[in-house]
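Worksheet: the structure to be examined is printed underneath.
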Amino acid sequence: MPATLIDGKAFAARVRSQVADHVTRLKSEHGITPGLAVVLVGEDPASQVYVRSKGKQTVEVGMKSVEHKLDVDTSEADLLAVIDQLNNDPEIHGILVQLPLPEHLDEDLVINSIAPEKDVDGFHISNVGLLGTGQKSMVPCTPLGCLMMLRDHHGSILGMDAVVVGRSNIVGKPMAQLLLGDSCTVTIAHSRTKDLPDVVRRADIVVAAVGRPEMIPGDWIKPGATVIDVGINRLDAPERGEGKTRLVGDVQFESCAEVAGAITPVPGGVGPMTIACLLANTVTACCRANGLAEPEGLTA
């Protein structure tokens, strides 16, 4: 029986609706409007599209949206000055610096200059440490979205065997920490893992975040397992015309869907959840800054 499709687009719409409801309550009951600032350095086309989408969705849920677009040759000192200004702005509760940055800028230095409580990407070293030790932190958006979908589909994932394929700081490592926090038994695997197919086959939950197109075939999947495909890869699609591409994940969707119990598609799976969780993190940061109860269902 083909796998149940986990519709990330529909789930993200639900999350945004929850965020909008909470924003309305913050405004009406406390006179507070959550504010999100996005800083973009340079003119990378993909980053520009992403920043526009973030700004549009921020406004749609009733939050304040601020964008700082800086020239590609902006100095590190000037970028840090913008971040410092936002750190000290009480109307801004979330700060995001769009990555990647131009090569002359130190990404680690820039990320760690953001006030940890406003780091809605969850990349600051303080938030990484807090998450790793099971304390309250800002959680990276993509892993948070994956966790939300797993909780929604299963109700509880307590005791399940989870394999995360990928060890990046942005997805793989925080994903493993979140799964541990929900009492899964967790293995972090990667492209150099010995006997990787056998490692993946024992998993009740497979999170594929290795960055290799269609790396995981259906015969690696345990029958009935839940597959969360974080990968977004572009492959040539000559059947669609010259220069055309198609988006694929890190798993071979058709063969995995024949074996898995549930699976996320690419596109339309994890991707839409990333911005939805960015908005959720901004509301959470706003509530924490004002000593208010955090929104239920929108945090780890």
Side-chain angles (χ1 to χ4, degrees), residues 12 15-16 19 34-61 63-89 91-128 137-146 168-174 209 211 230-234 247 267 270-286:
V15 171
R16 290 195 303 273
V19 169
L36 173 63
V38 178
V39 181
L40 174 65
V41 184
E43 298 180 354
D44 178 76
S47 292
Q48 287 183 322
V49 170
Y50 200 43
V51 166
R52 278 199 300 271
S53 181
K54 288 173 181 173
K56 180 174 180 288
Q57 293 188 40
T58 301
V59 172
E60 285 176 349
V61 297
M63 296 197 293
K64 177 180 179 179
S65 175
V66 175
E67 293 180 9
H68 288 269
K69 296 180 179 179
L70 308 178
D71 292 337
V72 68
D73 57 356
T74 295
S75 70
E76 201 161 75
D78 286 345
L79 174 55
L80 293 176
V82 170
I83 294 171
D84 183 62
Q85 173 195 339
L86 295 171
N87 282 340
N88 290 290
D89 186 341
E91 294 187 356
I92 297 298
H93 305 95
I95 302 169
L96 180 147
V97 177
Q98 183 66 39
L99 303 178
L101 291 170
E103 290 185 1
H104 69 282
L105 299 172
D106 183 336
E107 283 192 1
D108 288 338
L109 176 66
V110 170
I111 289 168
N112 290 319
S113 71
I114 300 170
E117 65 274 13
K118 295 188 178 187
D119 166 40
V120 285
D121 255 340
F123 296 162
H124 192 288
I125 191 65
S126 293
N127 284 317
V128 173
S137 67
M138 297 308 302
V139 177
C141 302
T142 300
L144 178 58
C146 294
S168 72
N169 292 331
I170 294 174
V171 179
K173 292 176 184 176
V230 181
I232 300 179
N233 311 282
R234 291 189 181 276
L247 283 180
V270 174
M273 287 297 294
T274 299
I275 295 181
C277 288
L278 173 68
L279 303 177
N281 276 352
T282 303
V283 170
T284 297
C286 177

ask   = Glu107: what forms a salt bridge (charged side-chain N to carboxylate O under 4.0 Å, His left out) with it, not counting sequence neighbours?
value = none
ask   = Can you check whether Met138's main-chain N or O pairs, donor with acceptor, with Asn127's side chain at less than 3.5 Å?
value = yes
query = Roughly how far apart are Glu117 CD and Cys286 SG, rounded to 0.5 Å?
reply = 12.5 Å
message = Do His93 and Met63 have side chains that approach each other closer than 4.5 Å (heavy atoms only, starting at C-beta)?
response = no
query = Do Thr58 and Thr282 have side-chain heavy atoms sitting under 4.5 Å apart?
reply = no
key: Heavy-atom pair of closest approach, residues Ala12 and Pro272   = CB-O, 3.5 Å
Beyond-backbone contact of Asn87 with Ile83, side-chain heavy atoms, under 4.5 angstrom = yes
inquiry  = Is any side-chain heavy atom of Val39 closer than 4.5 Å to one of Gln98?
reply    = no
inquiry  = Would you say that Glu91 contacts Val66 through its side chain, given a criterion of any heavy-atom pair below 4.5 Å between the two side chains?
reply    = no
Spacing of CD1 belonging to Ile95 relative to CD1 belonging to Ile114, to within rounding of 0.5 Å = 6.0 Å
query = Could you state the interatomic distance from CD1 (Ile125) to CG (Asp119), rounded to the nearest 0.5 Å?
reply = 10.5 Å
ask   = Does Leu80 reach the side chain of Asp84, with side-chain heavy atoms less than 4.5 Å apart?
value = no
task = Rounded to the nearest 0.5 Å, what's the gap from OH on Tyr50 to CG on Leu96? Could you check?
result = 8.0 Å
request  = Grab the two heavy atoms, one from Pro140 and one from Gly122, that are nearest each other, plus how far apart they are.
outcome  = CG-O, 3.6 Å
inquiry  = If we check side-chain contact (heavy atoms from CB on, under 4.5 Å) with Thr142, which of these qualifies: Asp121, Ile170, Val270?
reply    = Val270
inquiry  = For Ile275 versus Gln57, what's the shortest heavy-atom pair and its separation?
reply    = CG2-OE1, 3.4 Å
ask   = Do Glu67 and Leu40 have side chains that get closer than 4.5 Å, going by heavy atoms?
value = no
Side chain proximity check, Leu105 to Leu79, heavy atoms < 4.5 angstrom = yes
message = Can a donor-acceptor pair be found, under 3.5 Å and without considering hydrogens, that links the side chain of Asp89 to the backbone of Gln85?
response = no
message = I'd like to know if the side chain of His104 reaches the main chain of Thr74, judged simply by a donor and an acceptor atom lying under 3.5 Å from each other, with no hydrogens or angles considered.
response = yes
query = Which pair of heavy atoms, one from Ser47 and one from Asp44, lies closest together, and at what distance?
reply = N-OD2, 2.9 Å
task = Say whether, by atom type as modelled, one donor and one acceptor occur between the side chain of Lys54 and the main chain of Leu278 under 3.5 angstrom.
result = no
request  = Give a yes or no answer on whether the side chain of Asn281 reaches the backbone of Cys141 with a donor-acceptor pair at less than 3.5 Å.
outcome  = no
Spatial distance of atom CG (Leu36) from atom CD1 (Ile92) [nearest 0.5 Å] = 7.5 Å
inquiry  = Ignoring hydrogens, what is the shortest heavy-atom contact between Glu76 and Leu109? Give both atom names and the distance.
reply    = OE1-CD2, 3.3 Å
message = For the backbone of Val49 and the side chain of Ser53, can you confirm whether one donor and one acceptor N or O come within less than 3.5 Å of each other?
response = no
inquiry  = One pair to check against side-chain contact (heavy atoms from CB on, under 4.5 Å): Arg234 and Leu247. What are the steps and the verdict?
reply    = CA-CA 5 Å; Arg234 291 189 181 276; Leu247 283 180; 3.6 Å; yes
For the student: nearest non-hydrogen atoms of Val72 and Pro102, plus distance = O-CG, 3.6 Å
